[in-house]
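Notes follow the structure.
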Amino acid sequence: QVQLVESGGGLVQPGGSLRLSCAASGLGFSSYAMSWYREAPGKERELVAAISSAGGSTNYVDSVKGRFTISRDNAKNTVSLQMNSLKPEDTAVYYCKAQWIMSSSKLYWGQGTQVTVSS
């Protein structure tokens, strides 16, 4: 079983930057594809960014392309989301997710961290 602990959320001004981190426990981190989701008030949880198990492939939702960057450090069992040029519409609870590469049904979620973009 994988446990995920997120950090880095907070209040930032429009145009500012924030870096979210997700630390995974246990062994086998390199066998999981990692991703970040977000859930804004009144909206369903949406995929923001994803990265393959070895870090060689990434995908982003159109609204964050060019502004957000997902990365992972398999030696430290961490995945990060660098968020630049933040907009008020980026305000949401952000969640880290781990998915076992051998089964799409075997996945784990972090507790979520609040990101608020406001002046």
Side-chain angles (χ1 to χ4, degrees):
Q1 186 175 358
V2 175
Q3 292 185 358
L4 307 174
V5 180
E6 299 152 326
S7 62
L11 174 64
V12 296
Q13 297 184 23
S17 298
L18 200 63
R19 186 178 182 88
L20 305 182
S21 296
C22 175
S25 67
L27 302 176
F29 180 72
S30 62
S31 296
Y32 289 84
M34 302 297 297
S35 59
W36 288 94
Y37 284 70
R38 66 186 180 187
E39 185 174 341
K43 298 181 64 178
E44 293 186 350
R45 192 172 299 183
E46 69 168 348
L47 175 65
V48 178
I51 187 168
S52 60
S53 59
S57 179
T58 58
N59 284 291
Y60 302 90
V61 67
D62 286 345
S63 60
V64 308
K65 287 182 178 177
R67 299 189 298 120
F68 291 10
T69 302
I70 187 172
S71 62
R72 67 189 296 162
D73 187 339
N74 286 353
K76 296 182 178 180
N77 288 7
T78 59
V79 61
S80 299
L81 184 67
Q82 179 66 46
M83 304 184 295
N84 299 326
S85 301
L86 283 163
K87 305 175 181 179
E89 49 263 45
D90 294 319
T91 296
V93 177
Y94 284 70
Y95 298 89
C96 177
K97 187 185 81 173
Q99 179 177 304
W100 192 39
I101 58 176
M102 299 302 296
S103 175
S104 61
S105 63
K106 192 171 184 178
L107 51 86
Y108 306 89
W109 291 93
Q111 80 286 353
T113 184
Q114 177 70 48
V115 172
T116 302
V117 185
S118 176
S119 60

Revision key, fill the gap. Closest non-hydrogen atoms of Ser17 and Ser85, given as atom of the first, atom of the second and distance, are OG-N, 4.4 Å

Review point. In the single-linkage hydrophobic clustering (I, L, V, M, F, W, Y; side-chain heavy atoms under 4.5 Å), do Val115 and Tyr95 co-cluster?
Key: no

Check your understanding: If only atom types and distance count, is the side chain of Glu46 paired as donor or acceptor with the main-chain N or O of Arg38 below 3.5 Å?
Key -> no

Point to revise | Tyr108 side chain reached by Gln3 side chain, heavy atoms, under 4.5 Å | key: no

Study note, to complete from the structure: When every non-hydrogen atom of Phe29 is compared with those of Asn77, the smallest separation belongs to CB-OD1, 3.4 Å

Review point. Are Tyr37 and Val2 linked, directly or through other ILVMFWY residues, by side chains that come within less than 4.5 angstrom of each other?
Key: no

Point to revise | Joint hydrophobic cluster, Leu20 plus Val93, side-chain heavy atoms closer than 4.5 Å | key: no

Point to revise | Close side-chain approach of Trp109 to Arg45, heavy-atom, < 4.5 Å | key: yes

Practice item. Give me the ring orientation class for Tyr94 and Phe68: parallel if the planes are under 30° apart, tilted from 30 to 60°, perpendicular past 60°. Key: tilted

Practice item. Would you confirm whether Thr69, through its side chain, and Gln82, through its main-chain N or O, come within 3.5 Å as a donor-acceptor pair? Key: no

Review point. If you round to the nearest 0.5 Å, how far is OG of Ser105 from CD of Gln99?
Key: 8.5 Å

Check your understanding: If you count the non-hydrogen atoms of other residues, nucleotides and ligands that lie under 6.0 Å from CD in Gln13, is the total more than 12?
Key -> no

Exercise for review: Indicate yes or no: at least one non-hydrogen side-chain atom of Ser30 is less than 4.5 angstrom from one of Ser53.
Suggested key: no

Point to revise | Glu6 side chain to Cys96 backbone, donor-acceptor under 3.5 Å | key: yes

Point to revise | Nearest heavy atoms of Ala33 and Ile101, plus distance in Å | key: N-CG2, 3.8 Å

Point to revise | Ser119 versus Pro14, closest heavy-atom pair with distance | key: N-CD, 3.7 Å

Review point. Heavy atoms, side chains only, cut-off 4.5 Å: are Glu89 and Val117 in contact?
Key: no

Review point. How about Met83 and Val12: do any of their side-chain heavy atoms sit closer than 4.5 Å?
Key: no

Check your understanding: Can you find a pair of side-chain heavy atoms, one from Cys22 and one from Leu4, that are under 4.5 Å apart?
Key -> yes

Check your understanding: Can you tell me how far CG of Asn59 sits from CG of Leu47, rounded to the nearest 0.5 angstrom?
Key -> 8.0 Å

Review point. How far does OG1 of Thr58 sit from CE of Met34, to the nearest 0.5 angstrom?
Key: 14.5 Å

Exercise for review: Output the distance between atom OH (Tyr32) and atom CG (Leu107), rounded to the nearest 0.5 Å.
Suggested key: 9.5 Å

Point to revise | Donor-acceptor pair, side chain of Tyr60 and main chain of Ile70, under 3.5 angstrom | key: yes

Exercise for review: For the pair Val79 and Trp36, evaluate side-chain contact (heavy atoms from CB on, under 4.5 Å) and give the outcome as yes or no after the intermediate values.
Suggested key: CA-CA 9 Å; Val79 61; Trp36 288 94; 4.0 Å; yes

Review point. Does Gly55 offer a backbone N or O that forms a donor-acceptor pair with the side chain of Arg72 under 3.5 Å?
Key: no

**Study point:** With Val64, the side chain to side chain contact (heavy atoms under 4.5 Å, CB included) member among Leu81, Val48, Leu86
**Key:** Val48

**Study point:** Donor-acceptor pair between Ser118 and Thr116 side chains, under 3.5 angstrom
**Key:** no

Review point. If you round to the nearest 0.5 Å, how far is OG1 of Thr91 from CD of Gln114?
Key: 7.5 Å

Check your understanding: When you check the gap from the basic side-chain N to the acidic O, do Asp62 and Lys65 get nearer than 4.0 Å?
Key -> yes

